[in-house]
Number of protein chains: 2
Amino acid sequence: MKAAPEHRTKRSYHDACGTARALDLVGERWTLLVVRELLLGPKRFTDLRAGLPAISPNVLSQRLDELAQAGVVRKRKLPPPVSTAVYDLTEWGRELDTVVLALSRWGARARNAYRCSDMSTDALVVSLRTFFDAEAAESVSAEYDLYLTGSDAGTDEFHAVVADGTLTVTRGAGSAPTAIHASVPAFVAVVFDKHSLREAVTTGTMEINGDLTAAEQFTEFFRIPPECSANRAD
Amino acid sequence: MKAAPEHRTKRSYHDACGTARALDLVGERWTLLVVRELLLGPKRFTDLRAGLPAISPNVLSQRLDELAQAGVVRKRKLPPPVSTAVYDLTEWGRELDTVVLALSRWGARARNAYRCSDMSTDALVVSLRTFFDAEAAESVSAEYDLYLTGSDAGTDEFHAVVADGTLTVTRGAGSAPTAIHASVPAFVAVVFDKHSLREAVTTGTMEINGDLTAAEQFTEFFRIPPECSANRAD
DNA sequence: CAGCATCCCGATTGATACTG
DNA sequence: CAGTATCAATCGGGATGCTG
């Protein structure tokens, strides 16, 4: 009969600096990756686990509780037809977008970049937004439907809008004139590693419905930063 | 005679997403705060401890090793006159500036903001840069020397340059026409909580050498964001 | 004294099993 | 599906001690 610890003393940096207070809330292990998974809209517990293949359910559970407690995430129960619980970012939580993108931009230049390995579909979308080059897309207005097959063989649909030098991606395919179907690695190869899209289409790793030229233009919007800059220092 | 574990398997998210890779490198506890302390220039081990009052020396040591290993920080030995080791951000490490500022900006809107408690002088400078309002400083060109007394009674000197809607702060006072002397809490009260500067001067909590009007203008450059937006959700 | 290395203990994490 | 329970492994934090 041990009294439940109850942890009413959450660990904190006790530093008035905004950075430290932010880290008090989202600095624990996995927390920002959970936020990343929620940036494009609400998800169920299982969806989160699918995007974060290595997280333990108890840790995910704890992180979601903490985020809800902090007002970053809200847990909602969908009405009866589905009747499942989903987790959604609050408006304030969604502002972590800038933090996640800044980290992504920085982390992309690390050495030992292993761009080819597994990435969730949501992570891929974050990468798209990370490497979107406003200048390359200047004066372009276009829409695309993306059908991305993840490592779990499930396909996620996204709608990408390019306008005013801005890329906006939302979950769910719309009625875009150009649809791109691909697995995550195939998409990465074409968009980031600049492999030939036509070749990917002929080999069948990618499928384009609609305007092939528009799809090729889409791949031009993304630029990987100037390689890692840091050399071994030790 | 136990074989030293040697940890050659550093914990990783094993996720190709840039965010995850960034967090592999700077996502451990304390790591980003160590970076924050180094943003304004190199520091010794003890200086870091002073700015991070709650970190254990062994953890700081470990974090510095990891950061050096990752190419974020470089350890240098100053030439004989001083002959101490200092830690400095690499060029790539300094790019974490955007990440720290994004976190700071987000964290400043948390509820339970306790802006009045202890903050290191470096953290205060990060806050200044966080809340600097480009529009408020538009078409202003000015320089200031800041003499900030921290909680350890030591005084740190900074040089702030406002130009082109930009605030640049470097360590070390220059020859600015306006010098502001204050403790960290006094400075916070005037700049962020908008207490009267003249009053602070007359009560002696602050001292201005040079142009008092310029100093008052300086305090106008900083705007705290629209309060915390999240309400209790539980 | 600066800059760690060591030891110890409690807190956190991770893998797996289990339940409503 | 959506988590909770359990337990082992690891990590963080404080005290102390070593080394130049």
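Throughout, a chain's letter reflects where its sequence line sits, starting with A, and its residues are numbered from 1.
For dT13(C), the OP1/OP2 oxygens have no side-chain nitrogen or oxygen of Y13(B) closer than 4.0 Å.
Ion pair R171(B)/D122(B) flagged as a salt bridge, since at least one NZ, NE, NH1 or NH2 atom sits closer than 4.0 Å to an Asp/Glu carboxylate oxygen.
The distance from atom CG of L52(A) to atom P of dA15(C) is 13 Å, rounded to the nearest whole Å. The nearest whole Å value for the distance from the CG atom in L64(B) to the P atom in dG12(D) is 14 Å. Between Q62(A) atom CD and dA2(D) atom C1' there is a gap of 17 Å when expressed in whole angstrom units. The distance from atom CD of E28(A) to atom P of dA11(C) is 14 Å, rounded to the nearest whole Å. The distance between atom CZ of R76(A) and atom P of dA2(D), rounded to the nearest whole Å, is 14 Å. Counting to the nearest Å, the C1' atom of dT12(C) and the CZ atom of R11(A) are 7 Å from each other. The separation between L60(A) atom CG and dT16(C) atom C1' is 16 Å, rounded to whole Å. Going from atom CG of D65(B) over to atom C1' of dG12(D) covers 16 Å, rounded to whole Å.
Between A70(A) and L25(A), the shortest heavy-atom distance links the atoms CB-CD2, 3.8 Å. The shortest non-hydrogen separation linking A182(A) to M206(A) is CB-CG, 3.5 Å. When all heavy atoms of L48(B) and V34(B) are compared, the pair lying nearest together is CD2-O, 4.3 Å.
Residues from residues 29-49 of chain A lying near DNA chain D, meaning a heavy-atom separation below 4.0 Å, are R44(A), F45(A), T46(A) in numerical order.
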Between protein and nucleic acid, restricted to nucleotides 14-18 of chain D and to nitrogen or oxygen atoms under 3.5 Å apart, what atom pairs and distances do you find?
residue: dG14(D); atom: OP2; partner: S56(B); partner atom: OG; Å: 3.4
residue: dG14(D); atom: O6; partner: N58(B); partner atom: ND2; Å: 2.6

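When each of dT13(C), dC1(D), dG13(D) is scored by its nearest atom to the side-chain atoms of V59(B), the top-ranked nucleotide is dG13(D). Distances from the side chain of S61(A) to the nucleotides dT4(D), dG14(C), dG13(D) place dT4(D) closest.
Under the 3.5 Å distance criterion, the side-chain polar atoms of S183(A) are matched with a main-chain donor or acceptor of A186(A).
With 3.5 Å as the limit, one finds a donor-acceptor pair spanning the side chains of E37(A) and S120(A).
Applying the side chain to side chain contact (heavy atoms under 4.5 Å, CB included) test to T46(B) and every residue at least two apart in sequence or in another chain returns nothing.
Looking at heavy atoms from C-beta onward, L38(A) lies out of side-chain contact with D88(A) at the 4.5 angstrom threshold.
Using a 4.0 Å heavy-atom distance criterion, K77(A) is classed as making no nucleic acid contact.
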message = Using side chain to side chain contact (heavy atoms under 4.5 Å, CB included), reason through F192(A) and L128(A) one step at a time and then give a plain yes or no.
response = CA-CA 9 Å; F192(A) 294 141; L128(A) 288 177; 3.9 Å; yes
